[in-house]
S.K.: 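What follows is a structure written as structure tokens; I'll ask about it next.
If you're wondering where the values come from, they're calculated on a predicted model, not measured in any experiment.
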Amino acid sequence: MRENPTNLFTWATSELSQDAFICWLLAWAKPENKTVNESMHQAGKYFLKALLAKHEIEIPEILTVQIITQKFHIDVLVIINNEYAMIIEDKTHTESHGDQLERYKKTIEKHYPECDQLPTFVKTGSQSNNVKEVEAEYKLFLRTDFLKTLSVGRDAGVDNHIYLDFLATIEALHADINSYSEAPIKLWKRTPWERSPWVGFYEYLQKEVPAIAWGYVPNQNGGFLGASWNLLRWEECTACLEIEQGRLCFKLEVKDVAKQSELRKEWSECIIKSAKQRLVQTQRPQVLLHGLTTRKARIQ
């Protein structure tokens, strides 16, 4: 993890801090701020237009920008030209939950019926997929969009430290996640999971195998980042392959507790026998997990 103690966002790491940066940058898009700082005004306009572009909307002239925070529990609500109501659901490393995305849309439809609604999901961290957000008809503005958009301002000469600190923070996060292509694998576990090269590696695997799903898996030993795929369902159990930050495992979920022991033995023998036939080295785990999910064999 690349830390710079003089960077504001080394210390301001919460989603509220990211909300504040988004609001601050959007405020520079207001016409009255053009005379305050021309380069920041242009950077704010460019950011707002980049968000609008996700909805395929181009505004010839930005006349008014009203920024409202935490109203109706919405992270940021932006009213543009009294014509558009942009809902911004802002996340760093957490994910949307429950029915909040749909609820926000219904609320804005009720309270701002005169405005076209622009639901937008903004995230600088990573998650396995954005199915929930896409199904809720939210447009995605992700870390790569931030990098592209904010880099334009820096290249144009923006020298504001808050702006540059946020961009540097996102660049460092992106570099950490994508360091899997260079950093030795033994170092991957030494970074916090949200910055882990395992995230970048799993994202790379998803491009090759779209069915892969990954995420943080909590357990009594501190948890791990797992990626699973090849999910198969039978009458008595569900099986899949899973990478557990280094270990490739076959996992089995058995709903009937009475049959767990029997199926554990049966599948362990089957997997190890099949692996030997294919000259794949396998290893029984020293401890078989109890509960619905059981690690059957480690494939090395």
S.K.: Just wondering, more than 12 heavy atoms not from E58 lying within 6.0 Å of its CD?
M.R.: no
S.K.: Would you call E102 and K105 a salt bridge, taking side-chain N to carboxylate O under 4.0 Å as the test?
M.R.: yes
S.K.: Is any side-chain heavy atom of N82 closer than 4.5 Å to one of I79?
M.R.: yes
S.K.: Donor-acceptor pair, distance only, cut-off 3.5 Å: does the side chain of D145 make one with the backbone of L142?
M.R.: yes
S.K.: Show the nearest heavy-atom pair for residues C237 and V254, with the distance to one decimal.
M.R.: CB-CG2, 4.1 Å
S.K.: Got T94 and K123 here, is their nearest side-chain heavy-atom distance under 4.5 Å?
M.R.: no
S.K.: Salt bridge between E262 and K259, side-chain N to carboxylate O under 4.0 Å?
M.R.: no
S.K.: Indicate the atoms forming the closest heavy-atom contact of Y138 with L101, along with that distance.
M.R.: OH-O, 2.7 Å
S.K.: Salt bridge or not for E253 and K251, using N-O below 4.0 Å?
M.R.: no
S.K.: Give a yes or no on whether F72 atom CZ has more than 12 heavy-atom contacts from other residues, nucleotides or ligands under 6.0 Å away.
M.R.: yes
S.K.: Drop me the distance from T169's OG1 to N7's CG, to the nearest 0.5 angstrom.
M.R.: 3.5 Å
S.K.: Under a 3.5 Å distance rule, please check whether E242 uses its side chain to pair with a backbone N or O of C249 as donor and acceptor.
M.R.: no
S.K.: If you take the centroid of each ring, where Trp contributes its six-membered ring, are F141 and F47 closer together than 6.0 Å?
M.R.: yes
S.K.: Do I88 and I170 sit in the same hydrophobic cluster, where Ile, Leu, Val, Met, Phe, Trp and Tyr count as joined when their side-chain heavy atoms come under 4.5 Å apart?
M.R.: yes
S.K.: How close do F121 and Q127 get, heavy atom to heavy atom, and via which atoms?
M.R.: CZ-OE1, 3.9 Å
S.K.: Side-chain contact, heavy-atom cut-off 4.5 Å: V199 with Y180?
M.R.: no
S.K.: If we check side chain to side chain donor-acceptor pair (under 3.5 Å) with T120, which of these qualifies: H55, K54, E89?
M.R.: H55
S.K.: So L167 and S151, side chain to side chain contact (heavy atoms under 4.5 Å, CB included) or not? Walk me through it.
M.R.: CA-CA 8 Å; L167 175 55; S151 294; 4.2 Å; yes
S.K.: Nearest 0.5 Å please: distance from the CG atom of L51 over to the CE atom of M86.
M.R.: 5.0 Å
S.K.: Looking at side-chain heavy atoms only, is the closest gap between I59 and L52 below 4.5 Å?
M.R.: yes
S.K.: Do the side chains of Y46 and I57 join up, straight or via other hydrophobic residues, at under 4.5 Å, putting them in one cluster?
M.R.: no
S.K.: Look at atom CD of E182 and say whether more than 12 heavy atoms of other residues, nucleotides or ligands are closer to it than 6.0 Å.
M.R.: no
S.K.: Nearest 0.5 Å, what's the OH-CG distance between Y84 and L48?
M.R.: 11.0 Å
S.K.: Spell out, as yes or no, whether a donor-acceptor pair under 3.5 Å connects the side chain of N81 to the backbone of T64.
M.R.: yes
S.K.: Measure across K132 and S96 and return the closest heavy-atom pair with its distance rounded to 0.1 Å.
M.R.: NZ-O, 3.1 Å
S.K.: Please state whether the rings of Y202 and W198 are parallel, tilted or perpendicular, taking 30° and 60° as the class boundaries.
M.R.: tilted
S.K.: Taking atom CD of E38 and atom CG of N33, what is their separation to the nearest 0.5 Å?
M.R.: 11.0 Å
S.K.: Taking the side chain as C-beta and beyond, is there a heavy-atom pair between H174 and R143 under 4.5 Å?
M.R.: yes
S.K.: Any chance CD of E56 has more than 12 other-residue heavy atoms, nucleotides or ligands included, within less than 6.0 Å?
M.R.: no
S.K.: Go through the steps for E133 and K91 under the test salt bridge (charged side-chain N to carboxylate O under 4.0 Å, His left out), then give the verdict.
M.R.: CA-CA 12 Å; E133 292 77 25; K91 298 293 185 184; over 6 Å; no
S.K.: Using side chain to side chain donor-acceptor pair (under 3.5 Å) as the criterion, point out the one residue from E203, H93, E194, R195 that pairs with S126.
M.R.: E203
S.K.: So which atom in A12 and which in S17 form the shortest heavy-atom distance, rounded to 0.1 Å?
M.R.: CB-OG, 3.4 Å
S.K.: Would one find more than 12 heavy atoms of other residues, nucleotides or ligands at under 6.0 Å from atom NZ of K106?
M.R.: no
S.K.: So which heavy atom on R278 is nearest to which on S274, and how close?
M.R.: NH1-OG, 2.6 Å
S.K.: Between F21 and F166, how do the two ring planes meet: parallel, tilted or perpendicular, split at 30° and 60°?
M.R.: parallel
S.K.: How long is the span from the CG atom in L173 to the CG atom in N178, to the nearest 0.5 Å?
M.R.: 9.0 Å
S.K.: Determine whether L16 and Q70 make a side-chain contact, defined as any pair of heavy atoms from C-beta on separated by less than 4.5 Å.
M.R.: yes
S.K.: Taking C-beta and beyond as the side chain, do L205 and I243 meet within less than 4.5 Å on heavy atoms?
M.R.: yes
S.K.: Quick one, L147 and E171 - any side-chain contact, counting heavy atoms below 4.5 Å?
M.R.: yes
S.K.: Under the side chain to side chain contact (heavy atoms under 4.5 Å, CB included) rule, what do V122 and D75 come out as? Steps first, then yes or no, please.
M.R.: CA-CA 10 Å; V122 173; D75 290 333; over 6 Å; no
S.K.: Quick one: does any side-chain atom of S179 pair with a main-chain N or O of D176 as donor and acceptor, under 3.5 Å?
M.R.: yes
S.K.: Step by step, would you call Q206 with W214 a side chain to side chain contact (heavy atoms under 4.5 Å, CB included)?
M.R.: CA-CA 9 Å; Q206 277 186 315; W214 62 269; 3.3 Å; yes
S.K.: Determine, stepwise, if the pair I62 / K30 fulfils side chain to side chain contact (heavy atoms under 4.5 Å, CB included).
M.R.: CA-CA 7 Å; I62 298 173; K30 296 183 177 184; over 6 Å; no
S.K.: Do H161 and T6 pair up side chain to side chain, a donor and an acceptor below 3.5 Å, judged on atom types alone?
M.R.: no
S.K.: Just how far is it from atom CG of N130 to atom CG of L140, taken to the nearest 0.5 Å?
M.R.: 4.5 Å
